[in-house]
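It should be emphasised that the depicted structure is a prediction, and the values quoted were computed from it without experimental measurement.
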Amino acid sequence: MEKKLAEYKCDTNEATCLKLGSEVAFGYKGLQIQLFYTAGNLSTLFKVKYSSKVTDTFDCVEADDVEAKIREIIPAGFTSNTDDFISLLEKEANFKPFGTMLHSYTVHNEEAEQLTYQIHKADISCPGFQEYHERLQTFLMWFIETASFLDIDDDRWDFFLVFEKYNKDGETLYATVGYMTVYNYYVYPDKTRPRVSQMLILPPFQGEGHGAQLLEAVHRFYCSLPKVQDITAEDPSENYVKLRDYVLTKFCQNLPSFDADKLHLGFSTDMIREAQEKLKINKKHARRVYEILRLRATDMSDEEKARAYRLEVKKRLFGPYRKNQRELAKMRKCLRPEELVSHMGQLDTQTQHEELEKSYQLAVDDYRRVIERLASQA
């Protein structure tokens, strides 16, 4: 099945402890935890194998109940019988993506084949989707360390799914590639603020641009809705922020207010307004886009232009340090000398300048990667 059948197996031949994320399974030799998912419907085969196991009678210790731990994560309906699982594979041709298709695109792989992908929007009203989602979200536990399951019994949840469409033995089949969950928060008096909660592209499909395709499709969908104020994300990871920088910059580079001849004039109210009204991008994200596009339009070999750009970015980055200076002024008025000394190390001016320069260099490095990716896709 290769890519079409997802296999996730933990295997150790000698050790008696098997690490599962932040957990450790004790008491086994040759432990194998096998999870197989069918590509489309995500029907699940679950097996636990081992060559030996400690016993109370001989070792005076008890092995961890690995199977019970995994059963807490995977929903009911899985099978532990290989023949039953093979019969489920044969039914994959009956699986069809849930919801409404928003976008279709193609990708060329290493074998020079042109593969077709579809992005669908679904919600809990779609027949069979809730059970499918219970199986889908188990992938979060295998690949995202701080992940947790969602309670989706709320019609404010939107689900965006990526599928690969492929042919096998004359039949059209679909493989699950990844997904995104979005919750629509209410904003007074009559708006909503979609907030991205979870996003995952499965490992066999990572590095092929599916994350960008998904995020672009989601933004285009919400931009078409007049009641949407802006689009945010809940506790975004570093990788998500980089992906968002690329997608939002790709959108904003065509807006009149972000024209190259206007960028050197500074971040403007026109940029804020146009990004929000046309693309549902808030001020904070629009500012990052401006800095990326201004870097692209700046000749950094010109010392004067490079300095102007550096000061512009550091002016934004200095916000938290300016707050520290205000706090220090307050401390001088209300703290005893010995208490003030204990806080001075945290607010040392030289340290702040060093951290500011470090933050600037990290930001510019991230911005350059966005610019390079935009150039490669042009």
Just so I know, are the side chains of [X] and [Y] near enough to count as touching, which here means a heavy-atom distance under 4.5 Å?
X      : Y      : value
Ile292 : Tyr246 : no
Thr181 : Trp157 : yes
His210 : Val107 : yes
Gln137 : Tyr179 : yes
Gln229 : Asn282 : no
His103 : Val162 : no
Trp142 : Ile73  : yes
Leu214 : Val218 : yes

Are more than 12 heavy atoms from other residues, nucleotides or ligands located less than 6.0 Å from atom CZ of Phe129?
-> yes

Does atom NZ of Lys96 have more than 12 heavy-atom neighbours from other groups under 6.0 Å away?
-> yes

Between Phe98 and Phe159, is the ring centre distance below 6.0 Å?
-> no

Would a single hydrophobic cluster contain both [Y] and [X], if residues Ile, Leu, Val, Met, Phe, Trp and Tyr are joined by side-chain heavy-atom contacts under 4.5 Å?
X      : Y      : answer
Phe149 : Phe139 : yes
Val364 : Met300 : yes
Leu200 : Val241 : no
Leu42  : Ile86  : no
Tyr222 : Val187 : no

Per ring pair (Phe, Tyr, Trp, His ring centres under 6.0 Å), Tyr290 is matched among Tyr367, Phe258, Phe267, Tyr309 by Phe267

Flag the pair Arg307 and Glu303 as a salt bridge only when some basic side-chain nitrogen lies within less than 4.0 angstrom of an acidic carboxylate oxygen.
-> no

Does the distance from a Lys or Arg side-chain N to an Asp or Glu carboxylate O, for Arg316 and Glu291, drop under 4.0 Å?
-> yes

Give the minimum heavy-atom separation between [X] and [Y], together with the two atoms involved.
X      : Y      : value
Lys53  : Ala63  : CE-CB, 3.6 Å
Cys252 : Leu279 : SG-CD1, 3.8 Å
Arg373 : Leu243 : NH1-CD1, 4.0 Å
Ser43  : Leu88  : CB-CD1, 3.8 Å
Glu171 : Leu173 : O-CD1, 3.3 Å
Arg195 : Ala233 : CG-C, 3.7 Å

Intermediate values then yes/no, salt bridge (charged side-chain N to carboxylate O under 4.0 Å, His left out), Asp245 and Lys242 = CA-CA 5 Å; Asp245 283 345; Lys242 292 177 181 178; over 6 Å; no

Which label fits [X] and [Y]: parallel for a plane angle under 30°, tilted from 30 to 60°, or perpendicular past 60°?
X      : Y      : result
Tyr117 : Tyr105 : parallel
Phe163 : Phe95  : tilted
Phe46  : Phe78  : perpendicular

Just do the salt bridge (charged side-chain N to carboxylate O under 4.0 Å, His left out) check on Lys315 and Glu312 with the steps written out, would you?
-> CA-CA 5 Å; Lys315 182 170 64 175; Glu312 182 72 3; 3.5 Å; yes

Any donor and acceptor pair, going by atom type alone, linking the side chain of [X] with main-chain N or O of [Y] inside 3.5 Å?
X      : Y      : result
Asp259 : Asp261 : no
Thr38  : Leu89  : no
Tyr37  : Gly40  : no
Asp64  : Val66  : no
Arg135 : Asn41  : yes
Asp158 : Val182 : no

Apply side-chain contact (heavy atoms from CB on, under 4.5 Å) to the pair Thr176 and Tyr132, showing each step before the final yes or no.
-> CA-CA 11 Å; Thr176 301; Tyr132 168 83; 2.9 Å; yes

CA sep, side-chain torsions, deciding dist, call: Phe160, Phe221, ring pair (Phe, Tyr, Trp, His ring centres under 6.0 Å) | CA-CA 10 Å; Phe160 300 88; Phe221 170 77; 5.7 Å; yes

Evaluation steps, salt bridge (charged side-chain N to carboxylate O under 4.0 Å, His left out), between Glu216 and Arg220 = CA-CA 6 Å; Glu216 285 183 42; Arg220 284 194 296 266; 3.5 Å; yes

Evaluate the side-chain contact (heavy atoms from CB on, under 4.5 Å) criterion for residues Tyr185 and Thr232: first the C-alpha distance (whole Å), next the side-chain angles of each, then the deciding distance (0.1 Å), finally the verdict.
-> CA-CA 10 Å; Tyr185 283 90; Thr232 63; over 6 Å; no

Might you work through the side-chain contact (heavy atoms from CB on, under 4.5 Å) test for Leu215 and Met180, ending with a clear yes or no?
-> CA-CA 8 Å; Leu215 190 54; Met180 177 187 290; 3.8 Å; yes

Start with the C-alpha gap between Phe251 and Lys278, add the side-chain angles, then the distance that decides, and say whether side-chain contact (heavy atoms from CB on, under 4.5 Å) holds.
-> CA-CA 10 Å; Phe251 284 153; Lys278 294 184 178 180; over 6 Å; no

